[in-house]
Amino acid sequence: MDLHRWLDAAVEAIRDWEAAFAPFERAPSAAVSDEEFAAAFGAFAERLRDNYPFFHPSYAGQMLKPPHPAAVVGYLAAMLINPNNHALDGGPATARMEKEVVAQLAGMFGLDTHLGHLTSSGTMANLEALYIARELHPGRGVAYSAEAHYTHSRMCAVLGMNGAPVPVDAAGRIDLDALDALLAGGTIGTVVATAGTTGLGAIDPVHEVLAIARRRGVRVHVDAAYGGFFILLAGRDDPADPAGLDAAPWRAIAGCDSVVVDPHKHGLQPYGCGAVLFRDPSVGRLYRHDSPYTYFTSDELHLGEISLECSRAGAAAAALWLTFRLLPPTPAGLGQVLAAGRRAALAWSELLLASASLELYQQPELDIVSYFPVLAGPSLSAIDHASARMLSAGMADSTDPVFLSTLRVSGAAFARRHQGVPADQDGTRILRSVLMKPEHEAYVPALHARLERLARQC
Ligand SMILES: Cc1ncc(COP(=O)(O)O)c(C=O)c1O
């Protein structure tokens, strides 16, 4: 689609709608001339050049990429109205769009019933899930794997709950024996299973976590902020396509108590779009509060009545709604985008296994590839320095730049995967690439060749 054309069309559509209201005089206090704007915009555009090229496949670092053009157009059009999805009074159209996209997300996870809403981030979405956990099990703590996102220990502290990290297995997944032993103590009310860890993309065995938790009378929350949309690849057993995933952990999400997914990661959205869903709609009672200023236009549910945040961009819901019209959260829609990234990660891991200058750290489960340079005299400190040098040399190369990220791993985690490397310091940085753009699939050979050269230089 032609972004210029549809950005113009978005502005026109809103002007058209505005023209249906009586004309009025615009106040001069905030008026800006085109000449003034041109000068400010020139400086602004120059400042924005100080950025990494998230759009380009040579950016193979963090979970970052520009939104889909449809999301940009949807966001811009709605932003010109600037609805606030806190209440139907703040923006009925986008509040209803939000309910529709949340229902689509619930359908994607196979939830028969749900209550949920969008949030400004995965952090806020997880905070809400843990808040409900606290209200349902006052005085009991939250268990999560040692490789869960740091937000869980932080938010437990915010909520005054006990957070209990559980050790992980050799692939970075929650250790089920350790979890069972912890739950046997009776102090835990909710377990967080991570469907796609931030560091390595490891998938906790949600089905097994759920079975253990139910035996112990414990709730299960799934943090699928990063990995959630990969459910679209679950159980796809097309022998011609290696992108399919074991269905068991993903199917189990439908039986868990809550789930978080971030459309601003794999849902092609701009930042400001997370989501939390609860299987039991009656948890809505735990959000009850009074607002003398809002909720006056109808008795229909206002989203602010079931969320901790007040103001929230209606534009975020609009962008997601428009995107889902074109690329719905189905295997044939958005699933195709994720499948390409996963195939890229699997293909690259094959190249890394055969490489003399780079070594695969762990087999990828989703679209995150972890690796480190092969050194003549390896040690944790040497790998740490060489990884850091590759990161900065790659970015600094003005003719053929490449953008990576690093991941700090403990000495014990490293030794479980790679024996015989002297542990002369406590852990090491390795390299990590999230291949979340479908363009990465065609770019993998070039990326690998570029990084092999870089590894030999560092
Ligand atoms: C698994 C997981 N949970 C939570 C978060 C936090 O989400 P956000 O950055 O949107 O606050 C992330 C971010 O990467 C994540 O990967």
Side-chain angles (χ1 to χ4, degrees), residues 54 59-67 71 105 109 116-133 142-159 163 165-166 168 171-174 190-206 209 220-231 249-250 253 256 258-277 307-309 312-313 316-317 319-320 338 341-342 345 364-370 405-408 432-436:
F54 306 125
Y59 183 87
Q62 308 275 23
M63 291 165 194
L64 272 163
K65 64 175 177 182
L105 292 174
F109 287 117
H117 58 88
L118 300 181
T119 61
S120 55
S121 67
T123 297
M124 283 308 302
N126 277 301
L127 170 66
E128 298 219 6
L130 297 190
Y131 162 73
I132 295 296
V142 175
Y144 41 80
S145 96
E147 301 220 350
H149 194 274
Y150 69 78
T151 195
H152 297 289
S153 65
R154 266 187 116 193
M155 292 306 149
C156 280
V158 168
L159 291 163
V166 178
V168 290
R173 297 176 296 224
I174 197 164
T190 296
V191 183
V192 176
T194 303
T197 57
T198 316
L200 294 169
I203 304 160
D204 283 346
V206 182
V209 169
V220 180
H221 166 61
V222 182
D223 181 359
Y226 151 65
F229 286 103
F230 280 98
I231 196 172
W250 303 98
I253 294 176
C256 295
S258 52
V259 57
V260 156
V261 61
D262 270 359
H264 70 198
K265 292 189 171 64
H266 271 297
L268 310 174
Q269 299 307 294
Y271 283 114
C273 195
V276 61
L277 293 102
S307 68
L308 294 183
E309 289 177 273
R312 237 172 359 84
L320 187 56
L338 278 93
R342 180 155 195 269
E365 287 199 73
L366 298 176
D367 61 2
I368 298 179
V369 184
S370 52
S405 71
T406 57
L407 174 69
R408 206 155 13 87
R432 165 179 170 272
S433 291
V434 186
L435 303 185
M436 69 189 309

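Whatever order the structure lists ligands and atoms in, that order sets their numbers, starting from 1.
Counting heavy atoms under 4.0 Å from ligand 1, residue His264 touches it through the side chain alone. When heavy-atom distances to ligand 1 are checked against a 4.0 Å cut-off, Val260 has no atom that comes that close, whether in backbone or side chain. With a heavy-atom cut-off of 4.0 Å, Thr197 does not touch ligand 1 at all.
Applying the 4.0 Å criterion to heavy atoms of Gly122 picks out, from ligand 1, the atoms 7 (O), 8 (P), 10 (O), 11 (O). Taking every non-hydrogen atom of Ser121 and a distance limit under 4.0 Å, the qualifying atoms of ligand 1 come out as 10 (O), 11 (O). Each of the atoms 7 (O), 8 (P), 9 (O), 10 (O), 12 (C), 13 (C), 14 (O) of ligand 1 lies under 4.0 Å from some heavy atom of Lys265. Per-residue contacts place Tyr226 under 4.0 angstrom from the following atoms of ligand 1 (heavy atoms of the residue considered): 16 (O). Under a 4.0 Å criterion applied to the non-hydrogen atoms of Asp262, ligand 1 contributes the atoms 7 (O), 8 (P), 10 (O).
The structure places CG of Asp223 at 9.0 Å from CG of Leu130, a figure rounded to the nearest 0.5 Å. The line from CE of Met436 to CE of Met63 is 7.0 Å long, rounded to the nearest 0.5 Å.
For atom 16 (O) of ligand 1, the closest heavy atom belonging to the protein is Thr198 OG1, 2.8 Å. Residue, atom and distance of the protein heavy atom nearest to atom 12 (C) of ligand 1 are His149 CD2, 3.2 Å. For atom 3 (N) of ligand 1, the closest non-hydrogen atom of the protein is Asp223 OD2, 2.7 Å.
For the pairing with Tyr131, the side chain to side chain contact (heavy atoms under 4.5 Å, CB included) check across Leu308, Val158, Asn126 returns one residue only, Leu308. If you run side chain to side chain contact (heavy atoms under 4.5 Å, CB included) between Tyr226 and each of Val261, Leu366, Val260, Thr197, only Leu366 comes through.
The option from Val434, Thr119, Thr194, Thr123 that lies nearest to atom 6 (C) of ligand 1, judged by heavy atoms, is Thr123.
The backbone N or O of Val168 lies less than 3.5 Å from no partner atom in the side chain of Arg173, so there is not a single donor-acceptor pair. Remark: the backbone N or O of Gly122 is paired with a side-chain donor or acceptor of Asp262 at under 3.5 angstrom. Panel note: side chain Glu309, backbone Ser120; a donor-acceptor pair is recorded below 3.5 Å.
Between Cys256 and Phe109, every side-chain heavy-atom pair lies at or beyond the 4.5 Å cut-off.
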